[in-house]
Amino acid sequence: MDIAHERYLHLIKQIPSTVSMDDMERIHAAFEYANEHHGSQLRKSGEPYIIHPIAVAENVVELGLGSDSIIAALLHDCIEDTDATYEDIARLFGTPVADLVDGVSKLTRIQYTSKEDEQMENLRKMFMAMARDVRVILIKLCDRLHNMRTLQYQSTPKQKEKALETMEIYAPIAHRLGMQKIKWELEDLSLQYLDPVAYDEVEQELAEVTSAHAEFLANMQQHIEKRLAEEGIQCQVFGRVKHIYSIYRKMYAQNKTMKEIFDLYAFRVIVSDIPTCYNVLGCIHDMFKPVLGRFKDYIGTPKPNGYQSLHTTVIGREGIPFEVQIRTWEMHQTAEYGVAAHWKYKQGMANRELGTEQEFEWVRKLLESQQDADPDEFVHTLRVDMFADEVFVFTPNGDVKSLPAGATPIDFAYSIHSAVGNHMTGARVNGRLVTFDTPLTNGDIVEIITSRSAKGPSRDWMKICKSNEARNKIRQWFKRERREENIATGRAMFESELKHAGLTIAAVTASDQVLDTLLKQLRFGTLDELYAAIGYGGMSAQKAAGRIKEELTRLGRLERQKAEQDALQAAAAAGETIFPSSGKPGQPISQGKSSSGIIVEGLGNCMVKFAKCCTPVPGDPVVGFITKGYGVSIHRADCPNADPARRKPEERGRWVKVAWTADAAESAYHTSLDISAKDRDGLALDIAMALSTQKVKVNNLSARSQPDGYAVVFLELSVKDRSEISAVINKLSQIPGVFLVRRAGE
Ligand code: MN
């Protein structure tokens, strides 16, 4: 018998008896087909090529996968390396097998040149996403495992390349799928080639330490077994030494000595159910001193990849720490085989439904709603949908880009650089020209054709693209490149909003100071920038108009307060401390016995003047200020110039209490109002009409049109009291275009 048939027989012996005779015949046919097609091809080891697919199939059998997977493993290199086609395999072995072989071939075609770290996660995700059926990944892992086991026959550069790829891509995927056994072997095999010196060092030191502790370990195992038997616990105890790569990492990455690694040795106690796990834990802690902070309950809180066990570290009699891992057989299978363990359960537990198992989030994601399906159907429909919302594609340089599902060449172009997107004139996917709205699929190689004379993106692209990144960059382009257009659109939108708010653009541009303050508030340098932002959609016109209205109101108030304060200071500088109440300076309009309508506390009948800054009228709370030679100046209590906080210390004694007399409202008092309004024809007339209907005596009315279409109207009135002026303010406020009516000093 030749070596191929010898190895094939070895494989057959390991296939469980649950596989039907029909399937055994299909497996045999697959072997014959692969053997024939690989023909005289040789492995680097000099062995016939067929040895490799047989070995991969053995690994697949060990994982417990079914006959379709075994057949696919035997055929896995046929499409890639022989003249066999997908159609041939589908015809002879069925579409499910052909799909598996095709999936493995696609993964084989991915070229992983050495990548930067941030590319690795994308590569791993793409690998998972491309496989679609998780069995494809499992077969590919089995393939890689055999190639790593026979890596010694490859050239040194090839060894390094494959080892790095395995460490970066395959081992993490095995880990993610919970397949500890394969993961550990892949890591150790990779390390042998990536850092052979360190590998040998760790291996040698570990051998010395373990041989020195061999007797101790054997003792501990016996000790544990004896105690658990006494407790009536059915279990199996295994001793193990940590795998080389994990020791290497702790020694080199965490800078520990081998003595400082607590879990160098571990005992695994495997029992039948979860309550027994905790019983065993109790016994172990009773026998040995636990190391504080080393107990971990991964049964209560499984690891993200589904791993479950109780971990504790204890100190043995000779002061040597060791770890004890306690788990059920089911957990053990899951720890060793990860996702593949589910096939193993199904094989041995025909009556159990998958849904009754303690499941893990990631498995649930994989399972979709297939819990009730029979095993074959279950594995057939098991999909890797973990990355269903992402698509992974290659740049021509082999970098991987992760894009949202449904992404188009537009998304791809902008993910490279804005300039690539903005200058895009065409796109190729896998070498073929495509339209810009073509959805990309996993593994596509995408190439963007650019031209310096490209017109730039069209607004439609924002609807076609799927990523926010592309949309934002296209918007940015319009913001920059279509500035004139944006300014014009923005200005129109803004003016229409202002109109809505009862303002005009002239109100905004009334003075440089107002404009500057407004723009600063809205965080724009110029009015054009504001328009442009509104035009390309970076700022809402409504929001801008709203802010401007608020700001105008606030500014108007500040300006008046400042003007009055300045006037007060100017007067003080000129030696005056009194303001003429009206008309000619220093001539009170109400004077005499009680005609002033004011009683000054402690001063009896004295001369009073009404301050021009706030023009008080009966009904207003008032205070008095004794001037030098001009009597008592009467301010409203809320006048900024009478604010107690701003009174000068040396003048404190000159502020006096005053009150309106009972008959005060029988006289008329000068007061003034400011009206802010949108300028229009007939505004002054409307104001005059309103005052006339209120029967108010107007001493002066002056309207000042601003060059921007904004108007300020000053009114001097004679009223008898506060309620009358309130009525006037109310009436004036109702005039169209008027947005603010204020008394002086407010
Ligand atoms: Mn292979």
Side-chain angles (χ1 to χ4, degrees), residues 3-4 7-8 10-11 14 27 30-63 65 67-86 88-89 93 97-113 123 126-128 130-155 158-171 173-174 177 179 182-183 185-186 189-190 193 340 443:
I3 184 166
R7 295 287 175 88
Y8 174 65
H10 188 261
L11 162 70
Q14 297 175 55
I27 291 169
F31 161 68
E32 294 290 359
Y33 183 88
N35 197 18
E36 188 189 320
H37 276 76
H38 286 296
S40 57
Q41 288 173 5
L42 294 179
R43 292 274 287 171
K44 280 270 158 59
S45 61
E47 292 174 307
Y49 194 88
I50 188 68
I51 299 302
H52 167 65
I54 294 173
V56 174
E58 269 190 50
N59 292 340
V60 166
V61 170
E62 199 202 331
L63 286 183
L65 303 188
S67 49
D68 277 356
S69 303
I70 299 169
I71 294 166
L74 286 168
L75 301 173
H76 82 269
D77 280 330
C78 280
I79 293 183
E80 198 62 13
D81 293 342
T82 79
D83 58 6
T85 63
Y86 173 91
D88 295 340
I89 292 172
F93 301 98
V97 170
D99 284 342
L100 290 175
V101 175
D102 188 49
V104 175
S105 305
K106 276 183 182 147
L107 293 185
T108 307
R109 264 173 241 142
I110 300 177
Q111 290 300 311
Y112 307 100
T113 45
L123 272 172
M126 180 171 73
F127 189 96
M128 308 272 276
M130 270 186 81
R132 301 295 300 148
D133 186 330
V134 76
R135 290 176 302 172
V136 169
I137 298 179
L138 301 182
I139 296 167
K140 189 66 200 167
L141 283 171
C142 291
D143 175 45
R144 177 49 59 109
L145 185 60
H146 183 249
N147 284 334
M148 287 303 292
R149 282 173 179 170
T150 54
L151 200 58
Q152 71 267 32
Y153 301 109
Q154 297 285 354
S155 66
K158 196 84 178 168
Q159 286 174 344
K160 295 262 183 212
E161 184 193 320
K162 290 289 165 193
L164 188 64
E165 198 175 287
T166 302
M167 194 64 106
E168 297 289 356
I169 308 286
Y170 289 84
I173 285 171
L177 294 174
M179 308 171 79
I182 287 188
K183 178 201 167 203
E185 192 176 346
L186 289 175
L189 286 166
S190 301
Y193 295 98

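All ligand and atom numbering here is 1-based and tracks the order in the structure. The first residue of the sequence shown is numbered 1, and numbering continues consecutively from there.
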What I'd like to find out is whether the side chain of [X] reaches to under 4.5 Å of the side chain of [Y], using heavy atoms alone.
{"X": "K158", "Y": "L151", "result": "no"}
{"X": "F31", "Y": "L11", "result": "no"}
{"X": "E165", "Y": "R144", "result": "yes"}

Fill in: Test: E185 and R149 ion pair at under 4.0 Å
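Counted as a salt bridge, because a side-chain N and a carboxylate O are separated by less than 4.0 Å.
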
Worksheet, complete the sentence: Atoms listed for the Mn ion (ligand 1) (protein only, N, O or S, under 2.8 Å, no waters) are H52 NE2, H76 NE2, D77 OD2, D143 OD1

Worksheet item: Who are the side-chain hydrogen bond (donor to acceptor under 3.5 Å, both in side chains) partners of Y86, not counting sequence neighbours?
Response: D99

Item to complete: Let me know which of H76, H38, H37 forms a ring-ring contact (aromatic ring centres under 6.0 Å, His included) with Y49.
Response: H38

